[in-house]
Amino acid sequence: MPSTSASAIEDLAATARELHRDAFARNGSAEPLRGDAHAEYLRGGLGALPQVFVSLDASRAWMAYWCVHGLAVLGRVLDDEVRTRVVGFLDACVDARRGGFGGGPGQMGHLATTYAATAALVTIGGDDAREVIARADVKRFLMSLKEKETGGFRVHEGGEADARGCYAAMASAHMCGCLDNDVRSGVGAYVSRCQTYEGGIGGEPGGEAHGGYTYCGLAACALAGDFGTLDLENLERWLVNRQGEIEGGFSGRTNKLVDGCYSFWQGGCFPLLRRANDVMLLQFMERSKMTVGGRTVVGSDDLGLEARVLGACAATMFTSGAFESSSTPAAFSSGALQGWILDCCQSDNGAGGLRDKPGTGRDHYHTCYCLSGLSLAQHHGRCGLVEVVGPAESNALVEIEPLVNVVKHKYETWMRALT
Ligand SMILES: CC(C)=CCC/C(C)=C/CC/C(C)=C/COP(=O)(O)OP(=O)(O)O
Ligand SMILES: [Zn+2]
């Protein structure tokens with residue numbers, strides 16, 4: 001006899017199988033995204049920022065990011081009063097002595113909350129948001145946490161080093177304009193040591209491959225421009241196998257259940273893998289003195305758009321034998337992922353907020369990462385296509401930049417102004 005929980009999982013799987021067999025084929029019948037309800041839930045999270053939290057006191061900068069980013073993905077604009085209050089709150093989170101941001105005012109600087117605060121400020125944008133960031137202090141903070149021998153980063157003074165630290169450091173440095181060779185050196189080598197026999201990336205060398213750390217490791221390498229000795233083919237194989245064939249969502253690790261937040265942590269790796277292929281294509285063309293349009297390739301500008309798109313999307317470039325170690329373009333079922341998020345991750349009974357899976361409660365973290373995953377499934381699914389499952393008028397989301405998980409147009413505006 002199966003145990004109760006095993007039979008409950010079977011029931012869920014059977015329902016999901018019906019729902020997600022072919023999400024694009026039943027395009028009109030997926031649940032509409034309840035954008036207004038989710039936006040109201042996220043605005044509530046920003047309203048609670050000034051209070052001291054019982055359980056999330058050290059994650060208030062994260063709360064700001066989850067809510068500001070979730071609203072931006074939904075295409076909602078913050079009221080002036082709210083944006084000014086959030087910028088002021090994040091300014092109060094700066095750890096003036098160490099540089100970087102703590103999880104709340106007066107708290108010790110931490111790499112994860114430095115990423116969260118920075119990404120929230122990039123999303124908010126504007127001069128006042130920009131003024132909160134002191135580039136030299138951020139660099140000093142990052143370098144104080146760098147382990148020169150391993151290339152890794154401790155997450156806070158006296159804390160542990162892991163792939164999360166590498167990502168938070170690379171992404172913060174990138175968005176604060178201080179990503180130089182001092183900061184990036186050794187990151188590819190460190191992350192490569194965290195890759196396991198399964199293909200995914202663990203938190204630290206010897207750890208179990210996990211979606212959160214896999215995103216962190218891969219994105220850190222992409223930002224550092226250094227993939228070390230990562231086996232991208234094995235990484236892709238592991239990732240593809242994390243998508244539940246029945247549910248359509250992703251699990252975080254082998255033999256675990258799917259969870260809405262991995263829609264981003266695992267799903268976000270696919271566009272990054274495509275770019276890794278791009279980088280390798282470029283390096284190959286440089287090495288072999290290939291010509292495009294009569295010019296020898298010496299940089300990405302020499303590749304016309306067509307060649308770059310080809311590099312990003314076409315398996316043939318990598319299966320000709322010249323790219324033995326590189327992977328074919330990353331493939332996941334973006335339709336099935338959208339179906340899972342829409343039908344299984346929105347709160348019950350029309351309430352706002354998204355969740356891990358049916359039977360669990362909503363929270364701001366899952367709301368942020370389910371929406372991020374839904375956006376990337378719409379914009380980064382099949383090559384070059386924007387495909388929205390369900391009614392486009394309610395379900396279409398703003399595109400995110402998967403390297404930093406900030407909406408693309410806000411990220412581009414911020415980066416253009418960074419000199
Ligand atoms: C930018 C930054 C700092 C990112 C952090 C990325 C990261 C490590 C995310 C993972 C978070 C998470 C839900 C872990 C759950 O593990 P679990 O063991 O409870 O869940 P499981 O059973 O699904 O593995
Ligand atoms: Zn989760």
Side-chain angles (χ1 to χ4, degrees), residues 5 9 56 58-59 61-66 69 100-103 109-120 122 142 145 152-156 159-175 191 194 196 198 200-204 207-223 238 242-244 247 249-269 272 337 340-341 344-345 353-374 400-406:
S5 65
I9 291 165
L56 285 173
S59 298
W62 271 116
M63 180 67 105
Y65 166 71
W66 297 330
H69 175 63
F101 293 78
H110 191 293
L111 276 179
T113 44
T114 298
Y115 158 75
T118 306
V122 173
L142 302 183
L145 298 172
F153 283 84
R154 288 186 297 282
V155 289
H156 62 80
E160 69 280 19
D162 58 27
R164 196 174 41 127
C166 286
Y167 173 68
M170 292 304 110
S172 304
H174 177 64
M175 293 185 282
V191 172
C194 299
T196 79
E198 289 193 278
I201 297 170
E204 56 199 313
E208 182 183 3
H210 188 281
Y213 295 110
T214 298
Y215 170 81
C216 285
L218 184 61
C221 288
L223 285 160
W238 179 83
R242 300 283 67 72
Q243 184 165 27
E247 304 92 328
F250 282 92
S251 64
R253 42 191 167 131
T254 306
N255 289 328
K256 300 286 309 231
L257 299 178
V258 300
D259 169 344
C261 67
Y262 298 119
S263 308
F264 176 76
W265 299 123
Q266 306 284 30
C269 291
L272 301 182
L337 180 60
W340 156 258
I341 298 167
C344 298
C345 296
L354 293 101
R355 61 190 175 185
D356 167 341
K357 61 174 67 61
T360 65
R362 66 183 178 178
D363 61 67
H364 295 93
Y365 162 82
H366 282 93
T367 303
C368 165
Y369 288 104
C370 286
L371 291 173
S372 304
L374 186 57
I400 56 166
E401 165 48 62
L403 265 180
V404 286
N405 200 13
V406 167

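Start at 1 and go down the list; that is how both ligands and their atoms are numbered.
- Checked by atom type and distance alone, the side chain of Tyr115 pairs as donor or acceptor with a backbone atom of Val404 at under 3.5 Å.
- Atom 7 (C) of ligand 1 has as its closest protein heavy atom Gly212 CA, 3.5 Å.
- Counting only heavy atoms, the protein never gets under 4.0 Å from atom 19 (O) of ligand 1.
- Ligand 1 places these atoms under 4.0 Å from at least one heavy atom of Tyr167: 1 (C).
- By the salt bridge (charged side-chain N to carboxylate O under 4.0 Å, His left out) test, Glu401 pairs with Arg275, sequence neighbours left out.
- Glu247 places no side-chain N or O within donor-acceptor distance of the main-chain N or O of Trp340, the cut-off being under 3.5 Å.
- Val155 places none of its side-chain heavy atoms less than 4.5 Å from the side chain of Leu145.
- The proximity of Ala116 to ligand 1, defined as any non-hydrogen pair under 4.0 Å, does not occur for either the backbone or the side chain.
- Between the side chain of Arg355 and the backbone N or O of Cys344, at least one donor-acceptor pair lies under 3.5 Å.
- For the residues Tyr262, Trp265, Tyr213, the heavy atom positioned nearest atom 12 (C) of ligand 1 is part of Tyr262.
- Annotation: atom 11 (C) of ligand 1 to nearest protein heavy atom, Tyr365 OH, 3.8 Å.
- When all heavy atoms are compared, the tightest approach of Tyr215 to Cys269 is CA-SG, 3.6 Å.
- In terms of modelled atom types and a separation under 3.5 Å, the side chain of Thr113 and the main chain of Phe101 share a donor-acceptor contact.
- Near-neighbour remark for the Zn ion (ligand 2): protein N, O or S atoms under 2.8 Å are Asp259 OD1, Asp259 OD2, Cys261 SG, His366 NE2; waters not counted.
- Side-chain atoms of Thr196 and Trp238, non-hydrogen and from C-beta on, never get closer than 4.5 Å to each other.
- From the protein, the heavy atom lying nearest to atom 3 (C) of ligand 1 is Arg164 CG, 3.1 Å.
- When Lys256, His210, Glu208 are checked for heavy-atom proximity to atom 16 (O) of ligand 1, His210 turns out nearest.
- Using cut-offs of 30° and 60° for the angle between ring planes, the Tyr365 and Tyr369 rings count as tilted.
- Side-chain contact between Gln266 and Gln243 is absent, with no heavy atoms from C-beta onward closer than 4.5 Å.
- Phe250 has its side chain out of reach of Val258: every pair of non-hydrogen atoms, C-beta onward, lies at least 4.5 Å apart.
- Nearest protein heavy-atom neighbour of atom 24 (O) of ligand 1: Arg253 NE, 2.6 Å.
- Using a 4.0 Å cutoff on heavy atoms, Ala168 does not count as a contact of ligand 1.
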